[in-house]
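For reference, the structure is listed below as C-alpha cells.
In this text the structure is predicted, and so the values were computed from the model without any measurement.
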Amino acid sequence: MLKFVFWALLAANALLFAYGRGLLGNVDAEVHEPARLRNQVAPDKLTLLTGEQAQALAAAKDAEPEPEAEAVVPAAAEPPAPAAPPAAPAFACLETEAFAAGDARRYETRLARLDLGARQARLAIPFQEVTSHLVYLPPQGGKEGADRRVADLRERGVTNFFIMQGDSPLRWAVSLGVFKTEAGARTLAAELAKRGVQGVRILPRGPQTNRFAYRFRDIDAPTRTRIVEAGRGFPAAVLHVCK
C-alpha cells in the first residue's frame, strides 16, 4: 500500500513539473509549444488572427479572379525570299542576210572562234544566180497566138525575135533578146514600147543555187558585239531580229 502511494505521488509531481514547463500544452496561445515559439524568426512581426478573421481572409482570397493566362501566339514564319529569276538574254533571236557560198565559208571560220555551239545555226536559202535577162512576150494562145504576135512584130519593123519551144513554161513565148545586165534589157523594152509593142516582159535567168543565212539564239549584248565584229567586211552580216 505504501508503494502505491509513493508511486502515485511521484507521478503527480511529474505531471505538475511537465505542466509547469508547458510540455503538456495550455489553452493560452502564448505558452503553447514554447520551444517552437522561441525558435521563430522575427516573432514581433507576426499577426495572430482569430478564427473569424482567418475564414474571412480565406474567403476573400477565393473570390479573387485568377489572372488569365496570356495566349501565346506563335510568330508567323516569314516566307522565304523568292529566288531571283535568271537574267533573260538580251536577244532571243538574231539572223543575218544570205551569204554567197564563198563568203559563207569565210564567215563561219570567224564565228568558230566565238564557240556559240547550239546557239548558232545555218539556214539554206534557195537563190537564183542571175547570169542573164530575157526580154520576151509571154505565151498566149499556143502556136497560133505566137504566129499572130510574130506577124504584128514584123508590121512594126521588129525583126530580131524567135518563137521559144521545148517543154517549159515559156513554150510558144516570143524571145526578143537576151542581155547580161538588167539595164540593157530595160533599154530594149523601152524601144519596143515606142514602136507600140505591148506586153513586153523581162525575166532574170541563171542556175538555181543555195545561199546561207545564220541564225543566233539567246544572245547577250557582249556576244552580239562579238558577232558584229566577226561580220565586218561582209555585206550580208547585218543582223536582224527574228522570231
Side-chain angles (χ1 to χ4, degrees), residues 91 93-112 114 116 119-217 224 227-243:
F91 302 95
C93 182
L94 295 173
E95 190 173 305
T96 68
E97 296 181 359
F99 287 78
D103 288 346
R105 287 191 294 269
R106 290 190 291 272
Y107 184 55
E108 284 188 18
T109 300
R110 296 185 186 181
L111 291 177
L114 305 184
L116 297 175
R119 294 183 293 168
Q120 170 187 327
R122 184 175 72 173
L123 309 176
I125 309 297
F127 182 80
Q128 183 181 27
E129 296 286 349
V130 178
T131 57
S132 63
H133 296 80
L134 171 67
V135 182
Y136 72 105
L137 293 172
Q140 186 177 30
K143 183 177 182 306
E144 292 78 7
D147 291 339
R148 288 193 298 270
R149 287 195 164 187
V150 166
D152 181 69
L153 290 173
R154 289 194 179 101
E155 290 179 2
R156 298 178 185 282
V158 179
T159 58
N160 187 16
F161 57 82
F162 73 92
I163 298 175
M164 303 179 69
Q165 299 184 16
D167 295 331
S168 73
L170 292 179
R171 179 180 174 84
W172 307 121
V174 179
S175 173
L176 300 172
V178 178
F179 298 85
K180 285 187 176 182
T181 64
E182 184 179 1
R186 290 188 177 279
T187 298
L188 176 61
E191 292 177 358
L192 293 172
K194 290 179 181 179
R195 296 189 181 190
V197 180
Q198 299 179 354
V200 177
R201 297 182 183 179
I202 299 174
L203 176 66
R205 297 194 304 176
Q208 190 77 21
T209 61
N210 282 333
R211 289 199 170 187
F212 303 97
Y214 294 86
R215 180 174 292 169
F216 309 97
R217 291 195 177 276
R224 180 186 182 281
I227 294 174
V228 171
E229 291 294 332
R232 290 196 180 278
F234 296 108
V238 179
L239 295 176
H240 305 281
V241 176
C242 54
K243 296 182 179 180

Nearest atoms (heavy-atom pairs only) where Leu239 meets Leu94: CD1-CD1, 4.2 Å
As an exercise, state the distance from CG of Leu137 to CZ of Phe161, rounded to the nearest 0.5 Å. 10.5 Å
Specify the closest pair of heavy atoms between Ala124 and Phe212, including all atoms of both residues, with the distance to one decimal. CA-CD2, 4.1 Å
State whether Lys143 and Asp147 are salt-bridged, where the test is any N-O pair (Lys NZ or Arg NE/NH1/NH2 against Asp/Glu carboxylate O) under 4.0 Å. yes
By ring pair (Phe, Tyr, Trp, His ring centres under 6.0 Å), which residues pair with Tyr136, not counting sequence neighbours? none
If you compare all heavy atoms of Met164 against all heavy atoms of Leu170, which two are closest, and at what distance to 0.1 Å? CB-O, 3.5 Å
Nearest heavy atoms of Leu111 and Ala230, plus distance in Å: CD2-CB, 4.2 Å
d(Gln140 CD, Arg148 CZ) to nearest 0.5 Å is 7.5 Å
Is there a donor-acceptor pair closer than 3.5 Å between any side-chain N or O of Glu129 and the backbone N or O of Pro207? no
Does the side-chain contact (heavy atoms from CB on, under 4.5 Å) test come out yes or no for Gln165 and Trp172, once each step is laid out? CA-CA 6 Å; Gln165 299 184 16; Trp172 307 121; 4.3 Å; yes
Taking the side chain as every heavy atom from C-beta outward, state whether Ser132 and Lys180 have any pair of such atoms under 4.5 Å apart. no
Return the set of residues passing salt bridge (Lys or Arg N to Asp or Glu O under 4.0 Å) with Glu229 (not counting sequence neighbours), or none when no residue passes. Arg232
Geometric class of the Tyr214/Phe99 ring pair [parallel <30°, tilted 30-60°, perpendicular >60°]: perpendicular
Does the side-chain contact (heavy atoms from CB on, under 4.5 Å) test come out yes or no for Glu182 and Val130, once each step is laid out? CA-CA 10 Å; Glu182 184 179 1; Val130 178; over 6 Å; no
Distance in Å, Cys93 SG paired with Lys243 NZ, rounded so as to fall on 0.5 Å steps: 10.5 Å
So, are Arg106 and Asp103 salt-bridged, with charged N and O less than 4.0 Å apart? yes
Check Ala237 against Tyr107 and note the closest heavy-atom contact, atom names and distance. CB-CE1, 4.3 Å
Gap separating the CG atom of Leu123 from the OG1 atom of Thr96, nearest 0.5 angstrom: 7.5 Å
Here the gap from Leu176 atom CG to Asn160 atom CG, rounded to the nearest 0.5 Å, amounts to 8.0 Å
Would you compute the distance between atom CD of Glu95 and atom NE2 of His240 and round it to the nearest 0.5 angstrom? 8.5 Å
Just list the side-chain donor-acceptor pairs under 3.5 Å for residues 192-203, sequence neighbours left out, or say none.
residue: Arg195; atom: NH1; partner: Gly157; partner atom: O; Å: 2.9

A side-chain contact here means heavy atoms from C-beta on lying under 4.5 Å apart; do Val178 and Arg205 qualify? yes
Assess whether atom CZ of Arg171 is packed by more than 12 heavy atoms of other residues, nucleotides or ligands within 6.0 Å. yes
Which atom pair, heavy atoms only, marks the closest approach of Pro169 to Pro139? O-CG, 3.7 Å
